[in-house]
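So that the names make sense, note that chain A is the first sequence line, chain B the second, and so on, each numbered from 1.
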Amino acid sequence: MTFFTQWFQEPNALWVMIGTTLLGISSGVLGSFAFLRKRGLIGDVLAHAALPGICLAFLITGSKNPFTFMIGAIVSGTLASLVIIWVTRYSRIKEDTALGLVLSVFFGIGIVLLTQIQHSHNGNQSGLDKFLFGQSAALVESDIRVMGISAVILILITFLLFKELKILCFDPQFGAILGFPMRFLDLLLMFLLVIAVVNGLQAAGIVLMAALLITPAAAARYWTERLDHMVLISAGIGALSGILGTIMSGMIEHMSTGPIIVIAATCLFLISLLLAPKRGLISRWIRRYQFQKKQQIRTTKGRESLE
Amino acid sequence: MSSFWIMLIGSLVASSCGILGCFLILRRMAMLGDAISHAILPGIVFAFLISGSRESFPMLVGATLVGLLSTIIIQWMKQNGVQADAALSVTFTALFALGVILISLYTRQIDLDLDCVLYGEIAYVQWDTWQLGDLNMGPRALWMVGGVFLLNLLIILLFFKQFKLTTFDPALAAAVGIPVAFFHYLLMGMVSLTTVASFESVGAILVVAMLIAPAATAYLWTDRFHLMLSLSILFGILSAIGGYLLAVPLDASIAGCMAMMAGILFLFSFLFAPRHGLVSKWWYQRKWYSKPQ
C-alpha cells in the first residue's frame, strides 16, 4: 500500500494515468469499428504515415509546438487514408498491399525529411523522434487537456453517428440503398481514426497505437454479439490496460509505459480468447467434448438395440 | 567503391524481397513483412543475451526462429476464429513490446540501440568487412544478403510449380497431394530469414518497402506470373539504384530514398501501366466509346 500512497503523491503520475486511460477509451471505441471493417492494421499504417506530416510541419513552421505537429500528422494521415482508398478503388491492388505500400513509402519519405532536418537544423530536432516512439512519462497537464478534449469530441461524434457507423460496418450496400452517403462515412471513419492515432502518438508511440486500436476491440468481440455492448467493453478493456500498464511501469524501474500497456492489453485479449462464455476457446472445447460424448452414447445405444 | 557496394547490396535486398513479395501479395499477406520485421525483436534480444555478443549469426538464427514462431501463432489464432488482421496486429505488437521490455530490463547488459536495430544504416555497410585469415572478403553484409538471395532463388526454382499452385489455388494443390501447410511455412521461413538478414544492413523500413512496392508495381504491368517475378526484381533494382542516386545530391537517408523511389515507380505505374494503369484505362474507354457502333 505504501507504494500507492507514495506513487499518487507524485503529481505527474496521476496525469499520466488519466492520459493513458483516456487514450484507451477513445481508441477502444474507434478500434471496434476499425476491427469490424476488417481494417485492424490501419492503426499501424496511420501511425507510420504521420511521420512525413510531422517533419513537414517542423520544416515549415520551425517550432516544436505539439499542436502544429498534430495538424501536420492529421494532414498526412488523411492523405494516406485517401491514397489507400484510391489505390484499392482504381486499380487491381488489394487492400492489404495498399496498406503496406502506404506504410512503407510514407515512412520512407518521413525518414528522408527527418535526415534533412537533422542535417540542416543542428540539434534542434530532438523532439521529433519522441513524437514517434512515445513518452507517456513525460506527459504534462496541458497535453492531457488536449488529449482529453479530442477524446471527448471523438466519442461524441461516434455516439451521434452510431447508427450510420453500424450500417457501414455490417452492410454498406444496404446503407447505400437507404440513401446514406457510404463513401463519405467511410472517409469520416478513416478521419476519426487518424485523429485518434495522432492524439495518442505523442504519448504512446507507433506500436502502442497500433495495439491500442485493435487489441481491446478484438478482445471485446469475444464477450458479446451486440455492437453497442462491444464498443463499451472495448473502451473498458482499453482503459483497464492503460491503468494496469501505468501502475506496473511505476513499480518497475527503467520501464517505459508504452510496452507494458501493450502487454497488459494482450493479456486481457488472451484471457478473453480462452475464457469468454460463448465464443471462448475453453467453452468451445467443453461444448465439443459434450457433443462427442453424447454422440458416443447414441451410437452405443444404437448398437445395443441392433444387437 | 562505396557507392558500388551500397547499390549492389541494395539491389540484392531488393531482388530477394521482390521475389518473396510477389508470393505475399498474391496470397494477400502483404502486411506480414511489416509484422515479422517488428516481431523478431525479442529473438534478437534473446540471441544477444544467450550468445553475449553482437555476432550476426546467432542473431540471424534467433530472429528467424522468432519470426517463424510469430507466423505459427498468427496461423493458430486464425484457425481458432480470430480475424486475420487482428491476429497479425495482436501478435506483432505484443512481441515487439516484449522485445522493448527485455531491452529495458537488461539495459545494463545490452548495448543494443533500438534505432539501430530497426533503422540500420546502409551507408556504413562497406566499413564492416569480413576478414578471413588475412584475406579481406569485402563487406560482411554483402555475403549475408547475397547468400540469402541465392538460397531463396534456389528454393523457389526447385519448388516453383508447388509454390505457384499453392499460391493460386491452395484447394487444388491440397487435392493433388502437395503439402500446402509445409510450403506456407517454408515461405514464411524465407520471409523471416530475408527480413532479418537484410534489415541488419538496410533497416526494417526498406525491407517492408521492398517486399511490397516492387511486387505491387509488377502486378500492375503483367498478368503472367513469371513475368511478374522478373519485373518485380527489375523494379526493385531500379528503386535501389535510383534511390541511391537520389540520396547522394539530397544528402538524405539512403534507405528512405530507396523506399521513396519505389513509391514513385509505383505511382508512375498506377497511372501509366499498359493495361491496368489509370490513364491507359481511360484512354481505352474513350477509344471504345468513340468507335462507331
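Within the 4.5 angstrom heavy-atom criterion, only backbone atoms of B:Met29 (N, CA, C, O) approach chain A. Proximity to chain A involves both the backbone and the side chain of B:Tyr219, based on heavy atoms less than 4.5 angstrom apart. In this structure, chain A has heavy atoms under 4.5 Å from both the backbone and the side chain of B:Ile101. With a threshold of 4.5 angstrom between heavy atoms, B:Ile264 does not approach chain A through any atom at all. Proximity to chain A involves both the backbone and the side chain of B:Val82, based on heavy atoms less than 4.5 angstrom apart. Both the backbone and the side chain of B:Asn80 come within less than 4.5 Å of a heavy atom in chain A.
Aromatic ring pairs are classed by plane angle as parallel below 30°, tilted from 30° to 60° and perpendicular above 60°; the pair B:Phe92 and B:His38 is tilted. In this pair, B:Phe268 and B:Phe272 present their aromatic rings tilted. The plane angle is within the 30 to 60° band.
For the residue pair B:Thr71 and B:Ile36, the shortest heavy atom distance occurs at CG2-CD1, 3.9 Å.
Judged as a side chain to side chain donor-acceptor pair (under 3.5 Å), the pairs with a partner in residues 21-33 of chain B (not counting sequence neighbours) are, in order, B:Arg27-B:Thr166, B:Arg27-B:Thr167.
Here A:Ser91 is the residue among A:Ala218, A:Ser91, A:Ala265 with the most heavy-atom pairs under 4.5 Å with chain B. Each of A:Thr215, A:Leu41, A:Val262 has some count of heavy-atom pairs under 4.5 Å with chain B, and the biggest count is that of A:Leu41. For the options A:Val112, A:Leu273, A:Thr266, heavy-atom pairs under 4.5 Å to chain B are most numerous at A:Val112.
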